[in-house]
Amino acid sequence: MYTKKAYIENLELQEDFLNEAAEVIKNGGTVAFPTETVYGLGANALDDEAVKKIFVAKGRPQDNPLIIHVASREIDEYVEEIPEIAEKLMDKFWPGPLTLILKKKAIIPKETSANLETIGIRMPNNKIALELIKKSGVPIAAPSANISGRPSPTDMERCVEDLDGRVDYIIGGEKSDVGVESTIVDLTVDPPCILRPGGVTLEMLQEFHSGAYIDKAILLETTNSDFKPKAPGMKYRHYAPKAKVRVIRGNKEKMVEKIIKMVHNYRDDNLKVGIIATDETKDRYKDVDVISLGSRENLDEIARSLFESLRAFDDKGVDVILSEAFEESGIGIAIMNRLKKACGFDIIDV
């Protein structure tokens with residue numbers, strides 16, 4: 001398959017690219033495009049044959065539901081009801097990195113919802129994404145624009161790396177601001193339940209409903225084969241680079257000491273090691289590939305850098321990635337959720 005590629009720096013001057021991409025969506029094709037969370041791989045959410053192309057391009061399991069992206073709050077056409085809590089959350093967080101799980105209408109194909117009676121829906125906070133949806137005239141189903149299981153892409157280059165020759169069109173724009181996928185909150189239950197942590201944190205949601213909580217299923221290392229995920233990322237291993245990932249968790253000083261010791265042991269086995277560190281610790285690691293995600297005082301920066309660091313170590317050809325752990329509060333819950341998935345829950349407590 002030939003994949004057309006276009007990078008948009010100025011929407012007004014380069015509108016033709018968006019018009020072309022919108023025609024691809026209208027005609028049942030696939031388009032990768034930027035959002036504020038990560039890049040998405042989109043198709044017409046109302047066209048079952050178009051949606052199937054997303055699964056094929058990504059190698060994505062068929063029981064992993066998709067999120068539909070809209071350009072306005074007018075979602076009555078797609079969902080059975082919009083509860084009061086949904087209205088309040090849309091007022092506060094849309095457009096933005098929050099996906100709402102609601103009961104779907106029959107217009108949403110089973111291929112999009114993975115045979116569920118619910119659908120995830122969000123309004124992205126990205127001008128290119130919003131214009132693409134508007135010009136297409138349909139909601140766009142869009143998981144992350146990567147090969148299934150790989151770290152999600154936060155720039156155009158990584159989309160091309162995974163999807164060139166697999167999709168019809170790749171549109172590039174600015175690097176994603178948030179760096180991890182949207183928070184998914186199930187509003188078909190009371191109190192609201194977070195099915196995937198993200199940039200909208202548990203603490204933020206609890207300001208609207210004090211009982212909001214995180215589903216224990218996303219904290220589990222494994223799920224049985226009969227488990228039906230209500231949201232992306234709940235069942236399968238995700239975000240994994242080619243290298244083996246191990247996470248070291250505990251007191252900062254003990255973390256550093258343990259990682260240094262592990263580096264020596266891996267070197268004795270002639271393995272190349274990469275370390276995911278922070279500004280506070282990066283200089284402690286000598287004669288080894290180190291990537292700092294930023295300061296521990298700025299978890300938003302850590303989140304923004306996480307996926308690219310995993311991919312960068314693949315570029316370096318390391319055999320093992322040792323990552324420091326992060327505080328599990330605020331967006332730190334989302335960071336650690338992604339790291340736990342990436343390492344297959346291979347966590348060493350010190």
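Residues take their numbers from the sequence shown, with the count starting at 1.
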Can you find a heavy atom in the side chain of [X] that is under 4.5 Å from one in the side chain of [Y]?
{"X": "Ile121", "Y": "Ile67", "answer": "no"}
{"X": "Ile170", "Y": "Lys4", "answer": "no"}
{"X": "Asp190", "Y": "Ile85", "answer": "no"}
{"X": "Arg249", "Y": "Ile348", "answer": "no"}
{"X": "Pro83", "Y": "Leu102", "answer": "yes"}
{"X": "Ile248", "Y": "Val350", "answer": "yes"}
{"X": "Glu308", "Y": "Asp155", "answer": "yes"}
{"X": "Tyr266", "Y": "Asp319", "answer": "no"}

Count the heavy atoms of every other residue, nucleotide or ligand shown that sit under 6.0 Å from [atom1] of [X], and state whether that count exceeds 12.
{"X": "Glu174", "atom1": "CD", "answer": "no"}
{"X": "Lys127", "atom1": "NZ", "answer": "no"}
{"X": "Glu117", "atom1": "CD", "answer": "no"}

Do you see a donor-acceptor pair shorter than 3.5 Å between the side chains of [X] and [Y]?
{"X": "Lys175", "Y": "Thr154", "answer": "no"}
{"X": "Asp279", "Y": "Ser292", "answer": "yes"}
{"X": "Glu74", "Y": "Ser72", "answer": "no"}
{"X": "Lys26", "Y": "Asn44", "answer": "no"}
{"X": "Ser176", "Y": "Glu36", "answer": "no"}

Are [Y] and [X] linked, directly or through intermediate hydrophobic residues, by side-chain heavy-atom contacts shorter than 4.5 Å (ILVMFWY only)?
{"X": "Tyr285", "Y": "Met255", "answer": "yes"}
{"X": "Ile68", "Y": "Val31", "answer": "no"}
{"X": "Ile194", "Y": "Ile119", "answer": "yes"}
{"X": "Tyr169", "Y": "Leu41", "answer": "no"}
{"X": "Ile107", "Y": "Val70", "answer": "yes"}

Gap between atom [atom2] of [Y] and atom [atom1] of [X] - 0.5 Å precision:
{"X": "His209", "Y": "Glu84", "atom1": "NE2", "atom2": "CD", "value": "10.5 Å"}
{"X": "Ser136", "Y": "Lys134", "atom1": "OG", "atom2": "NZ", "value": "12.0 Å"}
{"X": "Arg158", "Y": "Leu310", "atom1": "CZ", "atom2": "CG", "value": "10.0 Å"}
{"X": "Asp215", "Y": "Cys193", "atom1": "CG", "atom2": "SG", "value": "4.0 Å"}
{"X": "Asn251", "Y": "Glu257", "atom1": "CG", "atom2": "CD", "value": "8.5 Å"}
{"X": "Asp76", "Y": "Ile82", "atom1": "CG", "atom2": "CD1", "value": "4.0 Å"}

Look only at the side chain of [X] and the backbone of [Y], and say whether a donor-acceptor pair between them is shorter than 3.5 Å.
{"X": "Lys58", "Y": "Ser144", "answer": "yes"}
{"X": "Ser210", "Y": "Gln206", "answer": "no"}
{"X": "Lys104", "Y": "Ile101", "answer": "no"}
{"X": "Thr183", "Y": "Gly198", "answer": "yes"}
{"X": "Ser305", "Y": "Leu293", "answer": "yes"}
{"X": "Thr3", "Y": "Gly165", "answer": "yes"}

**Q.** Member of Ile321, Ile259, Leu322 meeting the side-chain contact (heavy atoms from CB on, under 4.5 Å) criterion with Arg246
**A.**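 Of Ile321, Ile259, Leu322, side-chain contact (heavy atoms from CB on, under 4.5 Å) with Arg246 is met by Leu322 alone.
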Could you tell me whether [X] and [Y] have a side-chain N and a carboxylate O separated by less than 4.0 Å?
{"X": "Glu253", "Y": "Arg284", "result": "yes"}
{"X": "Lys340", "Y": "Glu328", "result": "yes"}
{"X": "Glu301", "Y": "Arg304", "result": "no"}
{"X": "Arg296", "Y": "Glu324", "result": "yes"}
{"X": "Asp48", "Y": "Lys110", "result": "no"}
{"X": "Lys92", "Y": "Glu207", "result": "no"}
{"X": "Asp314", "Y": "Lys242", "result": "no"}

**Q.** Test side chain to side chain contact (heavy atoms under 4.5 Å, CB included) applied to Met90 and Glu87, step by step
**A.** CA-CA 5 Å; Met90 287 190 285; Glu87 296 281 5; 3.8 Å; yes
Q.
Run Thr30 and Arg166 through side chain to side chain donor-acceptor pair (under 3.5 Å) and show every step you take.
A. CA-CA 9 Å; Thr30 49; Arg166 290 172 171 262; over 6 Å; no
Q.
Could you check, using the six-membered ring where one of them is a Trp, whether Phe208 and Phe93 have ring centers closer than 6.0 angstrom?
A.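 They qualify: ring centres under 6.0 Å apart.
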[X] versus [Y], closest heavy-atom pair with distance:
{"X": "Val200", "Y": "Pro97", "value": "CG2-O, 3.8 Å"}
{"X": "Gly59", "Y": "Ser148", "value": "O-CB, 3.4 Å"}
{"X": "Ile335", "Y": "Phe326", "value": "CG2-CD1, 3.8 Å"}
{"X": "Ile108", "Y": "Tyr78", "value": "CG1-O, 3.9 Å"}
{"X": "Pro143", "Y": "Ile54", "value": "CG-CG2, 3.5 Å"}
{"X": "Asn337", "Y": "Pro197", "value": "CB-CG, 3.7 Å"}

Q: Could you walk me through whether Leu89 and Leu98 pass side chain to side chain contact (heavy atoms under 4.5 Å, CB included), step by step?
A: CA-CA 8 Å; Leu89 293 177; Leu98 180 66; 3.9 Å; yes
Q) Sequence neighbours excluded, which residues qualify as side chain to side chain contact (heavy atoms under 4.5 Å, CB included) partners of Asp162? A)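 In terms of side chain to side chain contact (heavy atoms under 4.5 Å, CB included), with neighbours along the sequence ignored, Asp162 is linked to Asn146, Ile147, Arg150, Arg311.
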Show me the side-chain donor-acceptor pairs of residues 6-14 shorter than 3.5 Å, one per line, residues at least two apart or across chains.
residue, atom, partner, partner atom, Å
Tyr7, OH, Gly173, O, 3.2
Asn10, OD1, Glu12, N, 3.0
Asn10, OD1, Leu13, N, 3.0
Gln14, OE1, Glu9, N, 2.6
Gln14, OE1, Asn10, N, 2.9
Gln14, NE2, Tyr7, O, 3.1

Q: Please name all residues satisfying side chain to side chain donor-acceptor pair (under 3.5 Å) with Lys105, sequence neighbours left out, ordered by chain then number.
A: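 By the side chain to side chain donor-acceptor pair (under 3.5 Å) rule, Lys105 matches no residue at all.
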Q) So among Lys341, Arg338, Arg122, which one has a salt bridge (charged side-chain N to carboxylate O under 4.0 Å, His left out) with Glu181? A)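 Answer after filtering Lys341, Arg338, Arg122: Arg338.
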